[in-house]
Amino acid sequence: MRLRFAPSPTGPLHIGGVRTALYNYLLAKKTGGTFVLRIEDTDQTRYVAGAEKYILEALQWLGLQVDEGPETGGPYGPYRQSERKDIYRAYVEELVAQDKAYYAFDSAEELDAQRRAFQEKGLPPFKYDAKQRMQMRNSLSLSANETRSLIESGAPYTIRLKVDPGEEILINDRIRGEVRFKSEELDDKILFKADGMPTYHLANVVDDHLMKITHVIRGEEWLPSTAHHILLYRAFGWEEDMPAFAHLPLILKPTGKGKLSKRDGLKLGIPVFPLSWKGESEEESFKGFREFGFDPRAVVNFLAFLGWNPGTEQEIFTIEGLIAAFSLDKIGKAGARFDYDKALWFNQQYIQSSDDTQLAKQIAPILAKHGHHAEPAWLEKFCHLLKERVSLYPEFWEQGKYLLEAVREYDSKTVRKKWKPERRPLFLKLAEELEQLDNFTAESTEQHVKAFAERHELKIGEIFPLLRVALTGTTRGPGIFDIMELLGKKESIQRLQTAFNSF
RNA sequence: GGCCCCUUCGUCUAACGGCUAGGACGCGAGAUUUUCAUUCUCGAAAUAGGGGUUCGAUUCCCCUAGGGGCUGCCA
C-alpha cells in the first residue's frame, strides 16, 4: 500500500490535517506500506513561507516518519507540485488533444461578472458546464482559427475539463459506501490555470497516479469534487487502477456549530495546532499542543480517537498499538467534536505512566526557563512527587515552584484558623527537634512529628496543615514529609523557623 | 437555491436485526489521604421525530427536522 498526506503550505497545519496525516500513516504502516508526503503548493498567491517547514516539524514531533517526501526524496519525486509543472502541462495537453478538455479564454473578471449577473437575476449560481459553455469564450465555442490565433497572440487561457452529460459516477467510498453523482450536475472544472499551474484536481489525480498511491484518505470536504477526480481518471484511462477513497468526518468546534477553526483556539484558550506559529501579527500567532505542554504521544492517541475507535474498550495506545489496531471500517461517519478535556485526560495518563527519568528530562527546560537548574537525581524526585497531580508539563513548575523558590506568602486562611500564637514556642521546639535528626528522611520526620504530637497531646490536624503552609505557603500538594525530604534538612528547618516566627 | 454527507448519554463512541443500549471524558456522591491529586466504589445521563419492513428494529427502507460540506483561475 502507498498512502500520501498532501497538505497545502498556506499556513500552520491545523489539527484536522494532523489527524488526516495520522490516519494515512497508520494505514500505511499497518500494511508495511509507504507513507508519502507531497506538498501541494500550486497556489502561489496563498503560499506562506515557513509553512512547509512547519509541516515537516509537526510530523516529526508527532513521530510520523515520512518515507518519501520533499526532504527525504524517493523514486517518484519531486514531491513538491510547484516543481512538477511541466508534468501536468503534458498530461493536460493530452486531454485537450483527445477532446476531453478545452481552452477557455474567459477572464476572471468576466466570470465574476457572469456570476453576479446570475445572482442579480435571482438565478441559481452560475455554473460553467455543458449548458453554458457555448455562451462562453473557449475552444469549443470559438472556431479553430480563432482559438489558434488567440493562443498564438499570447492571450491568457485556462484549460477546463469537458464534462459531458449522461454519465453516472459511482464513488465507492471506504467509509461512506456508495455515493453517486450525475455528470450533468458537475461543472467544467478548471484543470490548468492561466499562470501555468495546475489546479488541485489535476495535480492531485496525476500525482496520485504517477506516485502509485493506492488509498486516498482525506477530509470530507473533498467528497463532492471526487466525482470530478473520477472523471479525470476515466479521461486519462486510469480508472482501472484508481486509488481507493476514504473521506474522513470533519472535526467540529468544541461548542456551537461548524468545523473547528483557529478562531476557536484563540477564543477558548486551547490549542488547535500541533506547534506554535508566528504569524504577521499577534492575532495570527498561536501556541500549539507542544507549547501548551502536551506529550506528542498523547496528542496522537487523542487524535486517533477523534472519529475512530478500535472496537474494544482500550483507550490508551502506543503508536505501534494504533498501527496494529487501525482499520478504515472503524472510522465513524459523523463529525467529531473537539473535546479538550479528553485531550487533557490523555496527557495526564501519559504523564502518570512516564517514568521519573523521562519526566525529568522533559521538565528540565521548563524549570530552566524560570532560572532553575536542578540536579537530575533531585529533579526525578521532584517529578515523582508531582506527576500524579498535573496534566500538562508546565504544571510541574506551577504546582511545584515552592520546592525551588522561597515561599513568598502564606495561605492566610489556614494561618488564621489553625495558628495559636501561644504555641509558637512549641512549634519552634518541634523545628529544633527535627534539626537534631540524623537521617532527615520522609519516614523519620513523619515518625518524629507524630510522636511529638502525641507527647504534647496535639491532634494531627493541629500540626500538619501548619507545617504544610510553613513549608509551601499553600494548603495542597504532595505529602509534607516528602516535601521536607526533597527540600533537605537545612532548608526545611529554616522555612519552619521563618514561618513560625512570622505567623 | 442546487448537489452530497451525517444524526446513540453534554462530549468521544460500542452494540451478526434479538439480554436491564456497554465503555470513556466531564459532572455528582462516597471511601482512602494531614491537604490537593491519584486510586477505588456508586450515581445521574442517549437511540432526533414520524411512518413502514419484520415475530422482533439503535441497526434495513421512506419522509420530516436538524447539523455539516461543496457550489473559486483555493486547497
Side-chain angles (χ1 to χ4, degrees), chain A residues 6-10 40-43 45-46 104 106-108 111-112 115 119 122-128 156-160 171 173 175-177 179-182 185-187 189-195 197-201 203-204 218-227 247 249-250 252 254-255 257-259 302 305-316 330 332-346 348 352 386-391 399 411 414 446 449-450 453 459-469 472 474-481:
Chain A
S8 192
T10 56
E40 310 225 326
D41 54 349
T42 54
D43 184 358
T45 65
R46 292 211 309 156
D106 323 275
S107 70
L111 291 171
D112 259 8
R115 287 195 190 95
Q119 196 179 17
L123 294 167
F126 169 76
K127 210 160 54 169
Y128 205 122
Y157 63 86
T158 62
I159 298 176
R160 287 181 180 264
I171 302 170
D173 192 273
I175 293 170
R176 275 147 226 285
V179 181
R180 284 162 213 282
F181 293 89
K182 289 184 176 46
E185 294 159 353
L186 275 29
D187 64 338
K189 276 260 175 298
I190 292 180
L191 301 177
F192 207 79
K193 301 187 265 189
D195 65 1
M197 280 286 203
T199 59
Y200 171 89
H201 309 289
N204 192 261
R218 62 185 7 169
E220 195 185 4
E221 69 268 26
W222 294 107
L223 190 52
S225 52
T226 305
H247 288 94
L250 263 23
L252 275 17
T255 56
K257 297 173 179 179
K259 64 175 179 181
F302 165 66
F305 271 74
L306 229 46
W308 171 87
N309 77 88
T312 66
E313 282 175 5
Q314 185 184 347
E315 292 203 275
I316 302 297
K330 291 264 181 239
K333 295 184 171 98
R337 212 176 269 278
F338 182 89
D339 182 0
Y340 187 62
D341 281 332
K342 191 87 185 219
L344 284 176
W345 177 80
F346 272 109
Q348 184 198 44
Q352 272 184 48
L386 289 163
K387 72 177 176 187
E388 272 177 3
R389 49 210 102 215
V390 303
S391 30
Q399 293 206 29
D411 183 79
T414 306
E446 176 165 12
V449 171
K450 280 185 172 162
K459 285 189 229 130
I460 274 174
E462 292 175 295
I463 300 187
F464 281 29
L466 285 165
L467 288 180
R468 176 177 297 284
V469 173
T472 71
T474 76
T475 58
R476 36 175 51 195
I480 34 183
F481 303 104

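Below, chain A is the first sequence line, B the second, and so on; all start at residue 1.
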### Query
So what does A:G307 touch, heavy atoms closer than 4.0 Å: a base, only the sugar-phosphate, or nothing?
sugar-phosphate
### Summary
B:U34 -> Watson-Crick or G-U wobble partner, both distances under 3.5 Å, gives none
### Query
Over how many whole Å does the gap from A:R115 atom CZ to B:U71 atom C1' extend?
10 Å
### Message
Measuring from the side chain of A:W345 (C-beta onward, heavy atoms only), which nucleotide among B:C6, B:A24, B:C73 has the closest atom?
### Response
B:A24
### Task
Using both distances under 3.5 Å as the test, list the Watson-Crick or G-U wobble partner of B:C60, or none.
B:G52
### Task
Report which part of the nucleic acid A:D106 touches: base, sugar-phosphate, or nothing (heavy-atom distance under 4.0 Å, all strands).
base
### B:A45 pairs with, by Watson-Crick or G-U criteria that keep both distances under 3.5 Å
none
### Inter-nucleotide P distance (B:U41, B:U7), Å rounded
33 Å
### Summary
In whole angstroms, the gap separating P of B:C6 from CD1 of A:I175 amounts to 11 Å
### Nearest-angstrom distance, C1' atom, B:C16 to B:C60
14 Å
### Query
Is the phosphate of B:G68, meaning OP1 or OP2, less than 4.0 Å from a side-chain N or O of A:R337?
no
### Message
Taking any heavy-atom pair under 4.0 Å as a contact, classify A:P125: base, sugar-phosphate, or nothing.
### Response
base
### Query
Does the separation of the ring centres of A:F302 and A:Y340 fall below 6.0 angstrom?
no
### Query
Would you say a side-chain N or O of A:T42 is under 4.0 Å from OP1 or OP2 of B:A75?
yes
### Task
Describe the nucleic acid contact of A:K182 in one word from base, sugar-phosphate, nothing, applying a heavy-atom distance below 4.0 Å.
nothing
### Summary
A:A334 has its side chain closest, among B:C74, B:G23, B:U7, to B:U7
#### Entry: A:R160 side-chain proximity, nearest of B:C5, B:C73, B:G69
B:C73
### Task
Work out which heavy atom in A:A6 is nearest to a heavy atom in A:E40; give both atom names and the distance.
CB-OE2, 3.3 Å
### Task
May I ask you to say what A:G461 touches in the nucleic acid, namely base, sugar-phosphate or nothing, with a heavy-atom cut-off under 4.0 Å?
nothing
### Query
Given B:G72, B:U34, B:C3, which nucleotide is nearest the side-chain atoms of A:I480?
B:U34
### Message
Under 4.0 Å between a side-chain nitrogen and a carboxylate oxygen: does that hold for A:K259 and A:E221?
### Response
no
### Message
If only side-chain N and O atoms count, and only distance matters, is there a donor-acceptor pair under 3.5 Å linking A:Y128 with A:D106?
### Response
yes
### Nucleotide B:C4, atom P - distance to CG of A:L250 in whole Å
18 Å
### Task
Mind telling me whether A:F481 and A:F464 have parallel, tilted or perpendicular rings, with 30° and 60° as the class edges?
perpendicular
### Message
Work out how far the C1' atom of B:U13 is from that of B:G18, and round it to whole angstrom.
### Response
22 Å
### Query
So which one's nearest nucleotide on RNA chain B is more toward 5', A:T45 or A:T475?
A:T475
### Message
Among A:Q348, A:Q352, A:Q399, which residue satisfies the side-chain contact (heavy atoms from CB on, under 4.5 Å) criterion with A:V390?
### Response
A:Q399
### Task
May I ask you to verify if any side-chain N or O of A:R476 is less than 4.0 angstrom from the OP1 or OP2 atom of B:A37?
no
### Message
Work out how far the P atom of B:A24 is from that of B:C63, and round it to whole angstrom.
### Response
39 Å
### Counterpart base for B:U8, defined by Watson-Crick or G-U wobble contacts under 3.5 Å
none
### Task
Between B:U35, B:A75, B:C4, spot the one nearest the side chain of A:R468, thanks.
B:U35
### Query
Contact class for A:P478 vs. all strands (heavy atom < 4.0 Å): base, sugar-phosphate, or nothing?
base
### Query
In whole angstroms, how far is the C1' atom of B:C73 from the OH atom of A:Y128?
12 Å
### Query
How would you label the contact of A:Q399 with the nucleic acid (heavy atoms, under 4.0 Å): base, sugar-phosphate, or nothing?
nothing
### Task
Could you give the distance separating B:G26 and B:A15 at their P atoms, to the nearest angstrom?
24 Å
### Task
Quote, to the nearest angstrom, the P distance that separates B:C5 from B:G10.
27 Å
### Task
Side chain of A:K333 only, please: which of B:A15, B:C6, B:C5 is the nearest?
B:C6
### Message
Please report the distance separating the P of B:A29 from the corresponding atom of B:U38, rounded so that it comes out in whole Å.
### Response
15 Å
### Distance, rounded to the nearest Å, where A:K387 contributes NZ and B:C36 contributes P
22 Å
### Message
If I take atom CD in residue A:E315 and atom C1' in nucleotide B:G22, what distance separates them, rounded to the nearest angstrom?
### Response
13 Å
### Query
Given B:U38, B:A75, B:A14, which nucleotide is nearest the side-chain atoms of A:N309?
B:A14
### Query
Looking across every strand, which nucleic acid part, if any, lies under 4.0 Å from A:Y200 by heavy atom: base, sugar-phosphate, or nothing?
base
#### Entry: Proximal nucleotide (of B:C3, B:C5, B:A37) relative to the A:R389 side chain
B:A37
### Message
Assuming nearest nucleotide by heavy-atom distance, tell me which of A:R180 and A:T158 is located more 5' along RNA chain B.
### Response
A:R180
### Message
Work out how far the P atom of B:G1 is from that of B:G23, and round it to whole angstrom.
### Response
42 Å
## Note on the structure
Against the side chain of A:V179, the closest entry in B:C74, B:G68, B:C5 is B:C5
### Task
Give the intermediate values and the outcome of side-chain contact (heavy atoms from CB on, under 4.5 Å) for residues A:L223 and A:D173.
CA-CA 9 Å; A:L223 190 52; A:D173 192 273; 4.2 Å; yes
### Task
Please state how far atom CZ in A:R176 lies from atom C1' in B:U7, giving the value in whole angstrom units.
12 Å
### Identified pairing partner of B:C19, criterion: Watson-Crick or G-U wobble below 3.5 Å
none
### Query
Would you call A:K189 and A:D187 a salt bridge, using N to O less than 4.0 angstrom?
yes
### Message
Expressed as a whole number of angstroms, how long is the span from A:K342:NZ to B:U11:P?
### Response
13 Å
### Query
Would you say a side-chain N or O of A:Q314 is under 4.0 Å from OP1 or OP2 of B:A24?
no
#### Entry: Distance-only polar pair, side chains of A:R468 and A:T414, donor-acceptor under 3.5 Å
no
### Message
Over all strands shown, is A:A108 touching base, sugar-phosphate only, or nothing at heavy-atom distances under 4.0 angstrom?
### Response
base
### Message
Applying a 4.0 Å non-hydrogen cut-off, can you work out what A:G479 is touching in the nucleic acid: base, sugar-phosphate, or nothing?
### Response
base
### Query
Just by distance, with hydrogens left out, do A:R218 and A:H247 show a side-chain donor and acceptor under 3.5 Å apart?
yes
### Query
Any idea which of B:C3, B:C12, B:U39 is nearest the A:F181 side chain?
B:C3
### Task
Indicate whether OP1 or OP2 belonging to B:C74 is found under 4.0 Å from a side-chain N or O atom of A:K193.
yes
